[in-house]
Engineer: 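First the structure, then my questions, so here it is.
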2 protein chains.
Amino acid sequence: MPIAVAIVEDDPRIRESLTVLLRGVDGFRCVGSHASAEEALRAIPAEKPDVVLMDINLPHMSGIDCVAQLKAKLPAIQVLMLTVYDDSDMIFRALTEGASGYIIKRTAPDKLLEAIREAHTGGSPMSPHIARKVVQYFHQRGPARHETESLTDREREVLEQLAKGYLYKEIADALGIGVETVRRHLSNIYGKLHVHTRTEAVLKHLQDHPAAR
Amino acid sequence: MPIAVAIVEDDPRIRESLTVLLRGVDGFRCVGSHASAEEALRAIPAEKPDVVLMDINLPHMSGIDCVAQLKAKLPAIQVLMLTVYDDSDMIFRALTEGASGYIIKRTAPDKLLEAIREAHTGGSPMSPHIARKVVQYFHQRGPARHETESLTDREREVLEQLAKGYLYKEIADALGIGVETVRRHLSNIYGKLHVHTRTEAVLKHLQDHPAAR
DNA sequence: TTTTCAATCCCACAAATGTGGGAGAGGTTG
DNA sequence: CAACCTCTCCCACATTTGTGGGATTGAAAA
(Lines give C-alpha, C1' and ligand atoms only; values in the text may rest on other atoms or scores of the structure.)
Protein backbone atom coordinates (compact mmCIF):
# COMPACT_ATOMS: atom_id res chain seq x y z
CA MET A 1 0.00 0.00 0.00
CA PRO A 2 1.75 3.11 -1.25
CA ILE A 3 1.89 6.27 0.85
CA ALA A 4 -0.53 8.93 -0.45
CA VAL A 5 1.18 12.30 -0.63
CA ALA A 6 -0.20 15.77 -1.39
CA ILE A 7 1.95 18.76 -2.29
CA VAL A 8 1.37 22.42 -1.46
CA GLU A 9 3.95 24.60 -3.20
CA ASP A 10 3.59 27.80 -5.21
CA ASP A 11 6.71 27.47 -7.36
CA PRO A 12 5.54 25.47 -10.45
CA ARG A 13 8.98 24.02 -11.13
CA ILE A 14 9.50 22.66 -7.64
CA ARG A 15 5.91 21.44 -7.54
CA GLU A 16 6.41 19.60 -10.82
CA SER A 17 9.69 18.05 -9.84
CA LEU A 18 8.23 16.80 -6.59
CA THR A 19 5.26 15.32 -8.41
CA VAL A 20 7.51 13.59 -10.90
CA LEU A 21 9.72 12.27 -8.14
CA LEU A 22 6.77 10.76 -6.26
CA ARG A 23 5.28 9.28 -9.43
CA GLY A 24 8.53 7.60 -10.35
CA VAL A 25 9.16 5.82 -7.07
CA ASP A 26 7.57 2.65 -5.78
CA GLY A 27 5.68 2.95 -2.52
CA PHE A 28 4.51 6.51 -3.11
CA ARG A 29 1.45 7.98 -4.74
CA CYS A 30 0.92 11.65 -5.47
CA VAL A 31 -2.76 12.37 -4.84
CA GLY A 32 -2.68 16.10 -5.35
CA SER A 33 -0.53 19.17 -5.89
CA HIS A 34 -1.66 22.68 -5.09
CA ALA A 35 -0.27 26.15 -5.68
CA SER A 36 -1.94 27.88 -2.76
CA ALA A 37 -3.02 27.24 0.81
CA GLU A 38 -6.63 28.07 -0.04
CA GLU A 39 -6.73 25.55 -2.87
CA ALA A 40 -5.09 22.94 -0.65
CA LEU A 41 -7.65 23.45 2.12
CA ARG A 42 -10.48 22.93 -0.35
CA ALA A 43 -9.06 19.88 -2.12
CA ILE A 44 -7.07 17.93 0.45
CA PRO A 45 -9.97 16.62 2.56
CA ALA A 46 -11.19 14.77 -0.54
CA GLU A 47 -7.76 13.55 -1.58
CA LYS A 48 -7.15 11.95 1.83
CA PRO A 49 -3.36 11.95 1.68
CA ASP A 50 -1.31 10.27 4.41
CA VAL A 51 1.35 12.95 4.27
CA VAL A 52 1.33 16.56 3.08
CA LEU A 53 4.45 18.35 1.89
CA MET A 54 3.86 21.99 2.75
CA ASP A 55 5.88 24.97 1.61
CA ILE A 56 6.01 27.70 4.25
CA ASN A 57 6.23 30.67 1.94
CA LEU A 58 2.90 30.69 0.10
CA PRO A 59 1.32 33.71 -1.63
CA HIS A 60 -1.70 34.70 0.52
CA MET A 61 -2.18 32.43 3.46
CA SER A 62 1.11 31.18 4.88
CA GLY A 63 1.93 27.53 5.10
CA ILE A 64 1.86 27.79 8.88
CA ASP A 65 -1.74 29.00 8.96
CA CYS A 66 -2.56 26.32 6.42
CA VAL A 67 -1.16 23.64 8.73
CA ALA A 68 -3.25 24.96 11.59
CA GLN A 69 -6.48 24.75 9.62
CA LEU A 70 -5.61 21.46 8.00
CA LYS A 71 -4.84 19.80 11.33
CA ALA A 72 -8.08 21.18 12.72
CA LYS A 73 -10.02 19.44 9.94
CA LEU A 74 -7.90 16.30 9.66
CA PRO A 75 -6.08 15.66 12.93
CA ALA A 76 -4.57 12.38 11.73
CA ILE A 77 -2.78 13.91 8.78
CA GLN A 78 1.01 14.22 8.86
CA VAL A 79 2.42 17.49 7.60
CA LEU A 80 6.04 17.96 6.61
CA MET A 81 7.15 21.55 6.29
CA LEU A 82 9.37 22.06 3.29
CA THR A 83 11.27 25.31 3.21
CA VAL A 84 14.44 27.21 2.56
CA TYR A 85 14.16 29.17 5.80
CA ASP A 86 15.66 27.99 9.07
CA ASP A 87 14.33 30.85 11.15
CA SER A 88 13.70 29.69 14.73
CA ASP A 89 10.42 31.52 15.00
CA MET A 90 9.08 29.83 11.86
CA ILE A 91 10.15 26.43 13.13
CA PHE A 92 8.51 26.77 16.52
CA ARG A 93 5.33 28.23 15.09
CA ALA A 94 5.04 25.44 12.53
CA LEU A 95 5.62 22.80 15.17
CA THR A 96 3.15 24.22 17.67
CA GLU A 97 0.55 24.45 14.91
CA GLY A 98 0.85 20.75 14.33
CA ALA A 99 3.57 20.07 11.77
CA SER A 100 5.23 16.69 12.22
CA GLY A 101 8.54 17.44 10.59
CA TYR A 102 10.62 20.18 9.09
CA ILE A 103 12.83 19.63 6.06
CA ILE A 104 14.97 22.10 4.18
CA LYS A 105 14.36 22.19 0.45
CA ARG A 106 17.80 21.34 -0.84
CA THR A 107 17.53 17.90 0.76
CA ALA A 108 18.52 15.06 -1.56
CA PRO A 109 15.58 13.18 -3.17
CA ASP A 110 16.34 9.90 -1.40
CA LYS A 111 16.48 11.68 1.96
CA LEU A 112 13.20 13.38 1.21
CA LEU A 113 11.51 10.09 0.38
CA GLU A 114 12.90 8.62 3.57
CA ALA A 115 11.53 11.58 5.50
CA ILE A 116 8.07 11.00 4.06
CA ARG A 117 8.28 7.35 5.05
CA GLU A 118 9.34 8.27 8.56
CA ALA A 119 6.54 10.81 8.94
CA HIS A 120 4.07 8.19 7.80
CA THR A 121 5.28 5.65 10.35
CA GLY A 122 4.98 8.09 13.23
CA GLY A 123 8.42 9.63 13.21
CA SER A 124 9.35 13.29 13.01
CA PRO A 125 12.08 13.80 10.44
CA MET A 126 13.99 17.01 10.79
CA SER A 127 16.96 18.24 8.85
CA PRO A 128 19.94 18.15 11.22
CA HIS A 129 20.32 21.90 11.00
CA ILE A 130 16.68 22.40 11.96
CA ALA A 131 16.97 19.86 14.74
CA ARG A 132 19.85 21.85 16.13
CA LYS A 133 17.65 24.92 16.43
CA VAL A 134 15.13 22.88 18.35
CA VAL A 135 17.81 21.44 20.60
CA GLN A 136 19.15 24.93 21.21
CA TYR A 137 15.75 25.87 22.54
CA PHE A 138 16.25 23.32 25.29
CA HIS A 139 19.86 24.31 25.88
CA GLN A 140 18.88 27.92 26.22
CA ARG A 141 16.37 27.29 28.95
CA GLY A 142 19.24 25.88 30.95
CA PRO A 143 19.59 22.69 32.94
CA ALA A 144 16.86 21.77 35.38
CA ARG A 145 17.96 22.80 38.83
CA HIS A 146 16.18 19.90 40.49
CA GLU A 147 15.24 22.27 43.26
CA THR A 148 11.86 20.62 43.55
CA GLU A 149 13.62 17.41 44.56
CA SER A 150 13.45 18.25 48.24
CA LEU A 151 9.67 18.45 48.11
CA THR A 152 7.46 15.65 49.37
CA ASP A 153 5.04 13.94 47.01
CA ARG A 154 2.11 15.82 48.41
CA GLU A 155 3.91 19.13 48.14
CA ARG A 156 4.67 18.39 44.51
CA GLU A 157 0.99 17.76 43.87
CA VAL A 158 0.09 21.08 45.43
CA LEU A 159 2.75 22.89 43.42
CA GLU A 160 1.47 21.30 40.24
CA GLN A 161 -2.02 22.60 40.89
CA LEU A 162 -0.61 25.98 41.78
CA ALA A 163 1.17 26.07 38.43
CA LYS A 164 -2.17 25.69 36.68
CA GLY A 165 -3.29 28.99 38.09
CA TYR A 166 -5.86 27.63 40.51
CA LEU A 167 -6.92 29.50 43.63
CA TYR A 168 -6.13 27.95 47.01
CA LYS A 169 -9.78 27.06 47.31
CA GLU A 170 -9.73 25.24 43.97
CA ILE A 171 -6.54 23.38 44.85
CA ALA A 172 -8.08 22.31 48.14
CA ASP A 173 -11.15 20.96 46.36
CA ALA A 174 -9.08 19.21 43.71
CA LEU A 175 -6.99 17.41 46.35
CA GLY A 176 -9.83 16.88 48.76
CA ILE A 177 -8.24 18.80 51.64
CA GLY A 178 -8.81 22.09 53.40
CA VAL A 179 -7.61 25.49 52.28
CA GLU A 180 -5.60 25.80 55.47
CA THR A 181 -3.66 22.69 54.55
CA VAL A 182 -2.93 24.05 51.10
CA ARG A 183 -1.61 27.22 52.68
CA ARG A 184 0.54 25.20 55.04
CA HIS A 185 1.97 23.15 52.18
CA LEU A 186 2.68 26.25 50.15
CA SER A 187 4.42 27.83 53.11
CA ASN A 188 6.67 24.78 53.40
CA ILE A 189 7.22 24.68 49.65
CA TYR A 190 8.25 28.32 49.53
CA GLY A 191 10.69 27.70 52.33
CA LYS A 192 12.29 24.79 50.49
CA LEU A 193 12.46 26.63 47.17
CA HIS A 194 13.66 29.86 48.75
CA VAL A 195 10.92 31.96 47.21
CA HIS A 196 8.27 34.20 48.64
CA THR A 197 5.64 34.47 45.93
CA ARG A 198 3.37 32.26 44.01
CA THR A 199 4.74 33.20 40.60
CA GLU A 200 8.34 32.49 41.59
CA ALA A 201 7.34 29.03 42.77
CA VAL A 202 5.50 28.36 39.51
CA LEU A 203 8.53 29.45 37.49
CA LYS A 204 10.79 27.07 39.41
CA HIS A 205 8.30 24.30 38.81
CA LEU A 206 8.24 24.99 35.08
CA GLN A 207 12.02 25.03 34.98
CA ASP A 208 12.18 21.60 36.56
CA HIS A 209 9.42 20.18 34.41
CA PRO A 210 9.85 21.33 30.82
CA ALA A 211 7.29 18.85 29.61
CA ALA A 212 4.68 20.06 32.05
CA ARG A 213 2.81 22.58 30.02
CA MET B 1 41.10 14.85 9.27
CA PRO B 2 39.08 12.05 10.86
CA ILE B 3 36.47 12.74 13.51
CA ALA B 4 37.76 11.82 16.99
CA VAL B 5 35.13 9.86 18.89
CA ALA B 6 35.02 8.70 22.51
CA ILE B 7 32.62 6.04 23.81
CA VAL B 8 30.99 5.79 27.23
CA GLU B 9 29.11 2.53 27.58
CA ASP B 10 29.05 -0.04 30.35
CA ASP B 11 28.09 -3.09 28.30
CA PRO B 12 31.44 -4.56 27.13
CA ARG B 13 29.97 -6.13 24.00
CA ILE B 14 28.33 -2.97 22.73
CA ARG B 15 31.41 -0.96 23.67
CA GLU B 16 33.59 -3.34 21.71
CA SER B 17 31.39 -3.44 18.65
CA LEU B 18 31.26 0.37 18.55
CA THR B 19 35.02 0.56 18.84
CA VAL B 20 35.49 -1.96 16.07
CA LEU B 21 33.00 -0.12 13.88
CA LEU B 22 34.79 3.20 14.29
CA ARG B 23 38.22 1.65 13.73
CA GLY B 24 37.11 0.01 10.51
CA VAL B 25 35.67 3.08 8.82
CA ASP B 26 37.52 5.87 7.09
CA GLY B 27 36.99 9.32 8.52
CA PHE B 28 36.61 8.19 12.12
CA ARG B 29 39.04 7.67 14.93
CA CYS B 30 38.19 6.10 18.28
CA VAL B 31 40.20 7.98 20.90
CA GLY B 32 38.79 6.31 23.96
CA SER B 33 36.20 3.93 25.34
CA HIS B 34 35.02 3.96 28.94
CA ALA B 35 32.80 1.75 31.04
CA SER B 36 31.68 4.38 33.55
CA ALA B 37 30.84 8.05 33.75
CA GLU B 38 33.52 8.63 36.38
CA GLU B 39 36.21 7.07 34.18
CA ALA B 40 35.00 9.10 31.21
CA LEU B 41 35.14 12.37 33.14
CA ARG B 42 38.74 11.66 34.14
CA ALA B 43 40.00 10.56 30.74
CA ILE B 44 38.05 12.49 28.12
CA PRO B 45 39.60 15.94 28.69
CA ALA B 46 42.95 14.45 27.67
CA GLU B 47 41.56 12.49 24.74
CA LYS B 48 39.99 15.60 23.23
CA PRO B 49 37.34 13.86 21.16
CA ASP B 50 35.13 15.81 18.75
CA VAL B 51 32.10 13.71 19.55
CA VAL B 52 31.18 11.56 22.54
CA LEU B 53 28.77 8.63 22.29
CA MET B 54 27.13 8.43 25.69
CA ASP B 55 24.98 5.65 27.04
CA ILE B 56 22.28 6.93 29.39
CA ASN B 57 22.04 3.94 31.66
CA LEU B 58 25.41 3.80 33.40
CA PRO B 59 26.16 2.03 36.71
CA HIS B 60 26.75 4.80 39.30
CA MET B 61 26.53 8.23 37.79
CA SER B 62 23.95 8.44 35.01
CA GLY B 63 24.86 9.45 31.48
CA ILE B 64 22.77 12.59 31.91
CA ASP B 65 24.78 13.80 34.89
CA CYS B 66 27.91 12.89 32.97
CA VAL B 67 26.86 15.11 30.06
CA ALA B 68 26.24 17.99 32.44
CA GLN B 69 29.72 17.76 33.95
CA LEU B 70 31.39 17.10 30.62
CA LYS B 71 29.78 20.13 28.98
CA ALA B 72 30.79 22.23 31.96
CA LYS B 73 34.43 21.27 31.43
CA LEU B 74 34.44 21.15 27.62
CA PRO B 75 31.64 23.34 26.26
CA ALA B 76 32.63 22.74 22.64
CA ILE B 77 32.24 18.98 22.79
CA GLN B 78 29.33 17.33 21.00
CA VAL B 79 27.56 14.60 22.92
CA LEU B 80 25.27 12.07 21.30
CA MET B 81 23.06 10.16 23.70
CA LEU B 82 22.84 6.50 22.78
CA THR B 83 20.11 4.57 24.48
CA VAL B 84 17.33 2.03 24.32
CA TYR B 85 14.94 4.27 26.27
CA ASP B 86 12.61 6.73 24.61
CA ASP B 87 11.23 8.13 27.84
CA SER B 88 10.27 11.78 27.36
CA ASP B 89 11.68 12.86 30.68
CA MET B 90 15.07 11.34 29.84
CA ILE B 91 15.12 13.03 26.47
CA PHE B 92 14.33 16.49 27.79
CA ARG B 93 16.76 16.17 30.67
CA ALA B 94 19.57 15.07 28.37
CA LEU B 95 18.88 17.91 25.95
CA THR B 96 18.70 20.60 28.61
CA GLU B 97 21.95 19.33 30.09
CA GLY B 98 23.67 19.92 26.78
CA ALA B 99 23.37 16.81 24.65
CA SER B 100 23.42 17.56 20.92
CA GLY B 101 21.56 14.52 19.68
CA TYR B 102 19.69 11.48 20.79
CA ILE B 103 19.95 8.13 19.00
CA ILE B 104 18.31 4.82 19.82
CA LYS B 105 20.72 1.93 20.06
CA ARG B 106 19.29 -0.36 17.43
CA THR B 107 20.14 2.20 14.76
CA ALA B 108 21.92 0.73 11.73
CA PRO B 109 25.71 1.25 11.70
CA ASP B 110 25.68 3.46 8.61
CA LYS B 111 22.99 5.67 10.16
CA LEU B 112 25.01 5.91 13.35
CA LEU B 113 28.13 6.99 11.46
CA GLU B 114 26.06 9.56 9.60
CA ALA B 115 24.70 10.83 12.93
CA ILE B 116 28.22 11.28 14.25
CA ARG B 117 29.15 13.22 11.11
CA GLU B 118 26.09 15.41 11.48
CA ALA B 119 26.79 16.13 15.13
CA HIS B 120 30.33 17.08 14.23
CA THR B 121 29.21 19.51 11.54
CA GLY B 122 26.81 21.29 13.86
CA GLY B 123 23.65 19.30 13.33
CA SER B 124 21.51 17.56 15.87
CA PRO B 125 20.71 14.06 14.71
CA MET B 126 17.72 12.48 16.38
CA SER B 127 16.09 9.16 15.71
CA PRO B 128 12.71 9.88 14.12
CA HIS B 129 10.94 8.32 17.06
CA ILE B 130 12.83 10.54 19.49
CA ALA B 131 12.22 13.59 17.33
CA ARG B 132 8.52 12.84 17.48
CA LYS B 133 8.62 13.06 21.28
CA VAL B 134 10.30 16.42 21.01
CA VAL B 135 7.77 17.62 18.46
CA GLN B 136 4.95 16.40 20.69
CA TYR B 137 6.30 18.68 23.37
CA PHE B 138 5.53 21.61 21.09
CA HIS B 139 2.21 20.18 19.97
CA GLN B 140 1.13 19.62 23.54
CA ARG B 141 1.70 23.20 24.55
CA GLY B 142 -0.81 23.99 21.85
CA PRO B 143 -0.85 26.66 19.21
CA ALA B 144 -0.11 30.16 20.35
CA ARG B 145 -3.46 31.81 20.95
CA HIS B 146 -2.13 35.26 20.16
CA GLU B 147 -4.36 36.51 22.92
CA THR B 148 -1.71 38.99 23.95
CA GLU B 149 -2.13 40.65 20.56
CA SER B 150 -4.76 43.05 21.86
CA LEU B 151 -2.34 44.42 24.45
CA THR B 152 -0.56 47.70 23.98
CA ASP B 153 3.24 47.81 23.89
CA ARG B 154 3.38 49.12 27.42
CA GLU B 155 1.03 46.47 28.69
CA ARG B 156 3.18 43.81 27.08
CA GLU B 157 6.21 45.19 28.90
CA VAL B 158 4.39 45.02 32.19
CA LEU B 159 3.22 41.48 31.53
CA GLU B 160 6.74 40.43 30.68
CA GLN B 161 8.01 41.73 34.02
CA LEU B 162 5.11 40.08 35.77
CA ALA B 163 6.08 36.77 34.20
CA LYS B 164 9.50 37.05 35.81
CA GLY B 165 7.91 36.89 39.22
CA TYR B 166 8.54 40.48 40.23
CA LEU B 167 6.41 42.33 42.76
CA TYR B 168 4.42 45.32 41.57
CA LYS B 169 6.94 47.54 43.33
CA GLU B 170 9.82 45.93 41.45
CA ILE B 171 8.04 46.19 38.12
CA ALA B 172 7.35 49.87 38.80
CA ASP B 173 11.04 50.50 39.52
CA ALA B 174 12.15 48.53 36.47
CA LEU B 175 9.89 50.56 34.17
CA GLY B 176 10.38 53.84 36.00
CA ILE B 177 6.71 54.34 36.82
CA GLY B 178 4.55 54.23 39.92
CA VAL B 179 3.05 51.16 41.51
CA GLU B 180 -0.41 52.56 40.90
CA THR B 181 0.25 52.64 37.20
CA VAL B 182 1.41 49.05 37.23
CA ARG B 183 -1.79 48.07 38.98
CA ARG B 184 -3.82 49.97 36.45
CA HIS B 185 -2.02 48.29 33.54
CA LEU B 186 -2.49 44.88 35.09
CA SER B 187 -6.15 45.56 35.62
CA ASN B 188 -6.52 46.39 31.92
CA ILE B 189 -4.41 43.40 30.91
CA TYR B 190 -6.54 41.02 32.96
CA GLY B 191 -9.62 42.41 31.32
CA LYS B 192 -8.24 41.85 27.84
CA LEU B 193 -6.97 38.35 28.61
CA HIS B 194 -10.11 37.40 30.51
CA VAL B 195 -8.27 36.29 33.61
CA HIS B 196 -8.46 37.32 37.22
CA THR B 197 -5.17 36.26 38.72
CA ARG B 198 -1.54 36.90 38.23
CA THR B 199 -0.61 33.29 37.55
CA GLU B 200 -3.24 32.88 34.83
CA ALA B 201 -1.90 35.94 33.06
CA VAL B 202 1.65 34.60 33.27
CA LEU B 203 0.55 31.26 31.84
CA LYS B 204 -1.09 33.00 28.87
CA HIS B 205 2.05 34.98 28.32
CA LEU B 206 4.21 31.86 28.33
CA GLN B 207 1.82 30.18 25.91
CA ASP B 208 2.18 33.02 23.46
CA HIS B 209 5.94 33.21 23.86
CA PRO B 210 7.34 29.69 24.00
CA ALA B 211 10.90 30.82 23.55
CA ALA B 212 10.58 33.46 26.23
CA ARG B 213 12.54 32.66 29.37
C1' DT C 1 -11.69 70.97 16.86
C1' DT C 2 -13.64 67.34 19.21
C1' DT C 3 -13.05 62.73 20.28
C1' DT C 4 -10.56 58.84 21.37
C1' DC C 5 -7.03 56.37 23.49
C1' DA C 6 -2.69 55.18 25.91
C1' DA C 7 -0.24 56.19 29.83
C1' DT C 8 0.22 58.07 34.14
C1' DC C 9 -1.29 58.61 39.07
C1' DC C 10 -4.62 58.69 43.52
C1' DC C 11 -7.97 56.51 46.65
C1' DA C 12 -10.74 52.87 48.79
C1' DC C 13 -12.31 48.35 49.54
C1' DA C 14 -12.31 43.41 49.02
C1' DA C 15 -10.09 39.32 48.13
C1' DA C 16 -6.10 36.46 47.84
C1' DT C 17 -1.70 35.46 49.42
C1' DG C 18 2.47 35.05 52.72
C1' DT C 19 4.09 34.06 57.47
C1' DG C 20 4.12 32.91 62.22
C1' DG C 21 2.33 30.33 66.02
C1' DG C 22 0.30 25.88 67.68
C1' DA C 23 -1.61 20.97 67.53
C1' DG C 24 -3.14 16.20 66.62
C1' DA C 25 -2.98 11.62 63.89
C1' DG C 26 -0.27 8.26 61.57
C1' DG C 27 4.02 6.35 59.96
C1' DT C 28 9.06 5.35 59.96
C1' DT C 29 13.39 4.85 61.95
C1' DG C 30 16.91 4.58 65.28
C1' DC D 1 9.92 3.77 73.23
C1' DA D 2 11.48 8.23 71.59
C1' DA D 3 12.50 11.08 67.83
C1' DC D 4 11.27 12.43 63.56
C1' DC D 5 8.60 13.37 59.51
C1' DT D 6 4.34 14.06 56.85
C1' DC D 7 -0.12 15.48 56.42
C1' DT D 8 -3.81 17.58 58.26
C1' DC D 9 -6.25 21.67 60.35
C1' DC D 10 -7.01 26.23 63.18
C1' DC D 11 -5.96 31.14 64.23
C1' DA D 12 -4.02 35.81 63.64
C1' DC D 13 -1.74 39.34 61.28
C1' DA D 14 0.68 41.64 57.50
C1' DT D 15 1.30 42.09 52.80
C1' DT D 16 0.12 41.61 48.09
C1' DT D 17 -3.07 41.51 44.69
C1' DG D 18 -7.66 42.43 42.19
C1' DT D 19 -11.33 45.84 41.17
C1' DG D 20 -13.98 49.96 41.07
C1' DG D 21 -14.25 54.83 41.08
C1' DG D 22 -12.05 58.87 39.67
C1' DA D 23 -8.36 62.47 37.20
C1' DT D 24 -4.63 64.54 34.13
C1' DT D 25 -1.57 64.70 30.17
C1' DG D 26 -0.30 64.18 25.43
C1' DA D 27 -0.72 62.17 21.02
C1' DA D 28 -3.42 60.38 17.39
C1' DA D 29 -7.69 59.92 14.86
C1' DA D 30 -12.16 61.48 13.26
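We name chains A, B, ... by the order of the sequence lines, and we start the count at 1 in each one. As the structure is a prediction and not an experimental result, all values here were calculated from the model.
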Engineer: Do Glu39(B) and Arg42(B) sit within salt-bridge range, that is, some charged N less than 4.0 Å from a carboxylate O?
Structural biologist: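 The answer is no: the pair does not qualify as a salt bridge.
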Engineer: Return no unless some side-chain N or O of Thr197(B) is found under 4.0 Å from OP1 or OP2 of dT17(D).
Structural biologist: no
Engineer: Using whole Å, report how far NE2 of His194(A) lies from P of dG18(C).
Structural biologist: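 It works out to 17 Å between those atoms.
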Engineer: Is the shortest side-chain N/O distance from Arg184(A) to OP1 or OP2 of dG22(C) below 4.0 Å?
Structural biologist: no
Engineer: Would you kindly check whether a donor in the side chain of Arg198(B) faces an acceptor in the base of dG18(D), or vice versa, at under 3.5 angstrom?
Structural biologist: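 By the distance-only test, no, there is no pair.
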Engineer: Quickly work out the Leu167(A) CG to dA14(C) P distance and round it to whole Å.
Structural biologist: 19 Å
Engineer: Please determine whether a side-chain nitrogen or oxygen atom of Thr181(A) lies at a distance below 4.0 Å from atom OP1 or OP2 of dC9(D).
Structural biologist: yes
Engineer: Taking the side chain of Arg183(A) as its heavy atoms from C-beta onward, which of dC7(D), dA7(C), dG18(C) lies nearest to it?
Structural biologist: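 My answer, after comparing the listed nucleotides, is dG18(C).
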Engineer: Using a heavy-atom cut-off of 4.0 Å across all strands, would you classify Leu186(A) as base, sugar-phosphate, or nothing?
Structural biologist: nothing
Engineer: Asn188(A) has an atom CG; how far is it from atom P of dG20(C), in whole Å?
Structural biologist: 11 Å
Engineer: Would you say dA15(C) has OP1 or OP2 under 4.0 Å from some side-chain N or O of Tyr168(A)?
Structural biologist: no
Engineer: How many Å lie between CD1 on Ile189(B) and P on dT19(D), as a whole number?
Structural biologist: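 Those two atoms, CD1 and P, are 12 Å apart.
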Engineer: Take atom CD of Glu200(A) and atom C1' of dT17(D), then tell me their distance rounded to the nearest Å.
Structural biologist: 15 Å
Engineer: Rounded off to whole Å, could you give me the CD-to-C1' distance for the Glu157(A) and dT6(D) pair?
Structural biologist: 13 Å
Engineer: Please say which of Thr83(A), Leu70(A), Leu80(A) ends up in a side chain to side chain contact (heavy atoms under 4.5 Å, CB included) with Met54(A).
Structural biologist: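 In the set Thr83(A), Leu70(A), Leu80(A), the residue that makes a side chain to side chain contact (heavy atoms under 4.5 Å, CB included) with Met54(A) is Leu70(A).
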Engineer: Take Glu180(B) and His185(B), find for each the nucleotide of DNA chain C with the closest heavy atom, and name the residue whose nucleotide sits nearer the 5' end.
Structural biologist: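 That would be His185(B).
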Engineer: Can you measure Arg154(A) atom CZ to dA25(C) atom P for me and round it to whole angstrom units?
Structural biologist: 19 Å
Engineer: Could you tell me whether the side chain of Asp50(A) and the main chain of Ala4(A) form a donor-acceptor pair under 3.5 Å?
Structural biologist: yes
Engineer: Whole angstroms only, please: what is the CD-C1' distance between Glu155(A) and dT6(D)?
Structural biologist: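 Computing the Glu155(A):CD to dT6(D):C1' distance gives 8 Å.
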Engineer: OP1 or OP2 of dG18(C) versus the side-chain N and O atoms of Tyr190(A): is any pair under 4.0 Å?
Structural biologist: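 The answer is yes; a side-chain N or O of Tyr190(A) sits under 4.0 Å from OP1 or OP2.
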Engineer: Check the orientation of Phe138(A) and Tyr137(B). Use parallel for under 30°, tilted for 30 to 60°, and perpendicular for over 60°.
Structural biologist: tilted
Engineer: Please report the closest heavy-atom contact between Ala35(B) and Leu58(B), naming both atoms and the distance.
Structural biologist: O-CD2, 4.4 Å
